[in-house]
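Note: hydrogens, waters and symmetry copies are ignored here, and every other heavy atom, side chains too, is used.
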Amino acid sequence: MSVEVFRRLSVFVLLGMMQVLVMSHIHLFGIATPLLYVYFAITFRRNFPRWAILVSCFALGLWVDVFSNTPGLAAGTMTLLGFLQPFLLEWFVPRDSVEDLGISMNSLGVGRFVMLSIIMVVLYCLIFFALEAFTFFNWQFWLECAGSSAALTLLLIFSIEFVRIK
């Protein structure tokens, strides 16, 4: 168990540092920002304690908020994603799989992992940018930001997963 805690903590620190130091400063065409820290919420094991998922997602979101000057946006949205992750995961995990199944392309298969990632990242981006804009006056810009950021984030997540497979 201590190896799993150390691994999750190192992923937490690595994704938080990458988001704060690198990814938050990337704005492709003025609309697309990679939100790679969402990968942390996707990869929680099956039957991981729900309270630990919520606390971890909130803490990572708070860390990103503090250093990215987005007061409460990432923390609130990551907490919601942490709440929904176990329920969404049950749609994609085979019923006869082990109880502590790790979430990756190897364990779920490419198709299931891709669908799980798409649902979680698109949901995160839609909510994050809706809260950021706090209006639907310019809904085309909102959809452009959410869609392009989701596409860029998914590209990075799939790149990481393909490297992990090798």
Side-chain angles (χ1 to χ4, degrees), residues 7-28 31-46 48-93 101-108 110-133 142-165:
R7 190 181 73 77
R8 291 300 303 173
L9 187 61
S10 62
V11 169
F12 178 92
V13 170
L14 181 68
L15 288 175
M17 295 287 286
M18 283 183 62
Q19 183 65 40
V20 168
L21 297 175
V22 178
M23 302 295 173
S24 292
H25 301 290
I26 297 173
H27 302 289
L28 290 178
I31 56 172
T33 302
L35 303 168
L36 189 58
Y37 59 98
V38 175
Y39 181 63
F40 182 74
I42 294 171
T43 58
F44 277 104
R45 292 183 166 278
R46 182 178 184 195
F48 201 81
R50 290 187 180 174
W51 67 268
I53 296 173
L54 285 172
V55 170
S56 300
C57 287
F58 174 76
L60 182 57
L62 186 64
W63 184 5
V64 171
D65 280 338
V66 167
F67 292 107
S68 297
N69 198 22
T70 55
L73 289 177
T77 313
M78 278 294 286
T79 304
L80 177 65
L81 202 63
F83 175 74
L84 294 176
Q85 191 263 359
F87 301 110
L88 293 173
L89 191 58
E90 289 303 317
W91 290 355
F92 296 100
V93 173
L101 180 71
I103 306 305
S104 67
M105 276 191 188
N106 284 337
S107 62
L108 287 181
V110 175
R112 289 181 179 172
F113 182 81
V114 166
M115 286 306 297
L116 175 67
S117 298
I118 288 172
I119 289 171
M120 290 185 74
V121 169
V122 168
L123 183 68
Y124 182 86
C125 288
L126 287 174
I127 294 169
F128 181 84
F129 287 107
L131 289 175
E132 183 181 50
W142 169 69
L143 283 178
E144 287 174 355
C145 288
S148 60
S149 294
L152 189 57
T153 302
L154 285 168
L155 178 71
L156 291 172
I157 288 173
F158 297 150
S159 299
I160 291 170
E161 279 297 313
F162 283 124
V163 168
R164 284 182 62 194
I165 287 175

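Between I119 and F92 there is a side-chain heavy-atom pair separated by less than 4.5 Å. Contact annotation: the side chain of F129 approaches that of L35 to within less than 4.5 Å [non-hydrogen atoms, C-beta and beyond]. M105 is listed as a side-chain neighbour of F158, based on a closest heavy-atom distance under 4.5 Å. Between Y124 and L80, the closest side-chain pair of non-hydrogen atoms is not below 4.5 Å. Residues T33 and L152 have side chains not in contact (no heavy-atom distance under 4.5 Å, counting atoms from C-beta outward). At least one side-chain heavy atom of F113 sits less than 4.5 Å from a side-chain heavy atom of I157.
With sequence neighbours left out, the side chain to side chain contact (heavy atoms under 4.5 Å, CB included) criterion links I26 to V22, M23, L28, P34. Listed by chain and residue number, F12, F44 satisfy the ring-ring contact (aromatic ring centres under 6.0 Å, His included) test with F40 (two or more places apart in sequence, or in another chain). With sequence neighbours left out, the ring-ring contact (aromatic ring centres under 6.0 Å, His included) criterion links F83 to F87.
To the nearest 0.5 Å, the span separating CD1 on I118 from OG1 on T153 amounts to 12.5 Å. Interatomic distance, L116 CG to I103 CD1, rounded to the nearest 0.5 Å: 7.0 Å. Atom OH of Y37 and atom CG of L81 lie 10.0 Å apart (nearest 0.5 Å). Taken to the nearest 0.5 Å, the CG atom of L14 stands 11.0 Å off from the CG atom of L9. Distance check: L84 CG to C57 SG gives 10.5 Å after rounding to the nearest 0.5 Å.
For L126 against A146, the heavy-atom pair with the smallest separation is CD2-CB, 3.9 Å. Scanning all heavy atoms of the two residues, the minimum distance from A41 to M78 falls at CB-CE, 4.1 Å. Annotation for W142 and A130: closest pair NE1-N, 3.0 Å, computed over non-hydrogen atoms. Scanning all heavy atoms of the two residues, the minimum distance from C125 to S149 falls at SG-C, 4.0 Å. When all heavy atoms of H25 and V20 are compared, the pair lying nearest together is NE2-O, 3.5 Å. Here the closest heavy-atom approach between residue G82 and residue I53 is recorded as O-CG2, 3.3 Å.
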Please step through side chain to side chain contact (heavy atoms under 4.5 Å, CB included) for the pair I42 and V121, ending with a clear verdict.
CA-CA 9 Å; I42 294 171; V121 169; 4.0 Å; yes

Kindly determine whether E161 and V110 satisfy side chain to side chain contact (heavy atoms under 4.5 Å, CB included), including the steps that lead there.
CA-CA 10 Å; E161 279 297 313; V110 175; over 6 Å; no

Kindly indicate, with the supporting measurements, whether the criterion side chain to side chain contact (heavy atoms under 4.5 Å, CB included) is fulfilled by L15 and W63.
CA-CA 11 Å; L15 288 175; W63 184 5; over 6 Å; no

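Screening R46, R112, M120, R45 against L89 for a side-chain contact (heavy atoms from CB on, under 4.5 Å) leaves a single residue, R46.
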